[in-house]
There are 2 protein chains.
Amino acid sequence: MHAVERGYPKGRIRREDILTAAVAVYGEAGYHGSSLREVAKRAGITHAGLLYYFPTKEALLAAVLERRDAEDAVREQLNAPPGREVLRHWIALAEYNVAHPGIVELYTRLAAEAVAPDHPAHDYFVRHYRIARRSAYESFRVLGDRGELRPGVDPRVAALNYMALSDGLQVQWLTSPDEVDLVGALRQYLDSVLVEPL
Amino acid sequence: MHAVERGYPKGRIRREDILTAAVAVYGEAGYHGSSLREVAKRAGITHAGLLYYFPTKEALLAAVLERRDAEDAVREQLNAPPGREVLRHWIALAEYNVAHPGIVELYTRLAAEAVAPDHPAHDYFVRHYRIARRSAYESFRVLGDRGELRPGVDPRVAALNYMALSDGLQVQWLTSPDEVDLVGALRQYLDSVLVEPL
DNA sequence: CCTACCGATCGGTAGG
DNA sequence: CCTACCGATCGGTAGG
């Protein structure tokens, strides 16, 4: 049983190895384009062995997304309260992402697949985007209350647009890394919305 | 031979039916997730029959993208010279897209798959994005020369950002249509970049 | 354009 | 965790 397996160091390490392999494969081939055999091979076991740890292909995907959320939650705790500091944190995150294309590929590919309502990660992304927008909205709203947003800027729309801009830039950056300055473009967007540049 | 087939009305119509079916299926399942059998079924033939018109799966994809470019080229001819009129045309295009989710799904899914350099549509998207950015850049540059852009706005970055914003909004809109005002968000972006609102 | 077929690959199961 | 297997599905071909 997994509840038991989880408690033993060897099983935990194996699970982590499998998840790490899955992140890489999903990033390269998407979810539907990946096979359990490919993930298993990279983790050094057979695909039947993988199914001992994750009983179905969907269960593996769910575990990948769960782990990612857990990592994000840890980072959130280090977060500053809503305001300018949060925007600087976003830029730092973008810089981190540019140095880790694999994670960016995973999310870009999965998010596009998961627009289909019957995709196993669909509900995850509905929630993911909702939470991201709300969190960004709170920072922009605080800045607006302080008069730090340019007139005409709706904090709700600015929040949606920052998230969307970030996603869209990632697609073009992954497609043509040399032609797109991801971090610079995000900076200019924030500056175009703020009274005082970051 | 296709060069001949293309000349006969019946063959041309069949080809068009297959391409229309392919657009729908690619939008729902992506390219790698689609089967020739599914496309053929929707076109009312067998998958072997489809392969009589398009000899491989890749050839079908190439034809889908070719047709799309041909349609775009027709629209471009109706285009105004670079300037404010072009920005209004973009908004009109976004309104059209909101009424035709299938086309949006096709592009969103294919673009994400095609970030992989060995994807058969990779080169297409490299060119597609490059051309789109250049075209948008020319409009923003003209506006900048006329003093219609806010200070600090780089027309090159504004062009990149508009395209990226549009793509990113489409993902969130496809995921949660009721929670995202695609056209409104694009309008606010353009207004945030212009001295005088659109 | 179809019927009939091929080899390859897929997710999942049995049984140890 | 593995070996061995299952039924289903894939892109593509032969031959008409």
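Numbered from 1 within each chain, the chains take letters A, B, ... in sequence-line order.
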Checklist entry - Which hydrophobic side chains are connected to Ile103(B), either touching it within the sub-4.5 Å cutoff or through other members that do? => result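 Besides Ile103(B), the cluster holds Tyr96(B).
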task: Hey, could you give me the OH/OH distance between Tyr107(B) and Tyr26(B), rounded to the nearest 0.5 Å?
output: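 With rounding to 0.5 Å, OH (Tyr107(B)) is 12.5 Å from OH (Tyr26(B)).
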To the nearest Å, give me how far apart [atom1] ([X]) and [atom2] ([N]) are.
{"X": "His32(B)", "N": "dG11(D)", "atom1": "NE2", "atom2": "C1'", "value": "13 Å"}
{"X": "Tyr52(A)", "N": "dG11(C)", "atom1": "OH", "atom2": "C1'", "value": "20 Å"}
{"X": "Leu50(A)", "N": "dC10(C)", "atom1": "CG", "atom2": "P", "value": "13 Å"}
{"X": "Ile45(B)", "N": "dG11(D)", "atom1": "CD1", "atom2": "P", "value": "14 Å"}

Looking at [Y] and [X], is any side-chain nitrogen of the basic one under 4.0 Å from a carboxylate oxygen of the acidic one?
{"X": "Arg109(B)", "Y": "Glu28(B)", "result": "no"}
{"X": "Arg42(A)", "Y": "Glu38(A)", "result": "yes"}
{"X": "Arg68(A)", "Y": "Asp72(A)", "result": "yes"}

Identify, with sequence neighbours excluded, every residue that meets side-chain contact (heavy atoms from CB on, under 4.5 Å) alongside [X].
{"X": "Val153(B)", "result": "Gln188(A), Leu149(B), Arg150(B), Ala158(B), Val193(B)"}
{"X": "Thr56(B)", "result": "Glu58(B), Ala59(B)"}
{"X": "Ala185(A)", "result": "Leu169(A), Val157(B), Leu160(B), Asn161(B)"}
{"X": "Arg127(A)", "result": "Asp123(A), Tyr124(A)"}

Can you find a side chain N or O atom of Ser35(B) that sits less than 4.0 Å from OP1 or OP2 on dC10(D)?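 Result: yes.
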All pairs passing salt bridge (charged side-chain N to carboxylate O under 4.0 Å, His left out) where residues 164-184 of chain A contributes a residue, at least two apart: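 Salt bridge (charged side-chain N to carboxylate O under 4.0 Å, His left out) check on residues 164-184 of chain A returns Glu179(A)-Arg130(B), Glu179(A)-Arg133(B).
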*Kindly state each residue pair satisfying salt bridge (charged side-chain N to carboxylate O under 4.0 Å, His left out) with at least one member in residues 81-91 of chain B, sequence neighbours excluded.*
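Every pair satisfying salt bridge (charged side-chain N to carboxylate O under 4.0 Å, His left out) with a residue in residues 81-91 of chain B: Arg84(B)-Glu148(B), Glu85(B)-Arg88(B).
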Intra- and inter-strand pairing of DNA chain D, written as dot-bracket with Watson-Crick and G-U pairs under 3.5 Å and | for the latter, reads ||||||||||||||||
Legend entry - Partners meeting ring pair (Phe, Tyr, Trp, His ring centres under 6.0 Å) with His119(B) (sequence neighbours left out):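 His119(B) satisfies ring pair (Phe, Tyr, Trp, His ring centres under 6.0 Å) with Tyr31(B), His32(B) once adjacent residues are dropped.
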DNA chain D contacts among residues 20-27 of chain B, heavy-atom distance under 4.0 Å:
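Heavy-atom contacts with DNA chain D come from no residue of residues 20-27 of chain B; none.
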With the threshold set at under 4.0 Å for non-hydrogen atoms, list the residues of residues 108-122 of chain A touching DNA chain D in residue-number order.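 Of all residues in residues 108-122 of chain A, none places a heavy atom under 4.0 Å from DNA chain D.
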Handout entry: Over all atoms of both residues, closest heavy-atom pair of Leu51(B) and Leu36(B)
Key =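 Heavy atoms only, the tightest pair is CD2-CD1, 3.7 Å.
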*Under 4.0 angstrom, heavy atoms only, what part of the nucleic acid is Thr46(B) near: base, sugar-phosphate, or nothing?*
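Base contact - Thr46(B) has a heavy atom under 4.0 Å of at least one base atom.
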Taking N or O atoms only and anything under 3.5 Å, show me the protein contacts with nucleotides 12-16 of chain D, one pair per line.
from, atom 1, to, atom 2, distance (Å)
dG12(D), OP2, Lys57(B), N, 2.7
dG12(D), N7, His47(B), NE2, 2.8
dG12(D), O6, His47(B), NE2, 2.9

- prompt: Which comes earlier along DNA chain D counting from the 5' end, the contact point of Gly44(A) or that of Ser34(B), where each point is its nearest nucleotide?
  reply: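 Result: Gly44(A).
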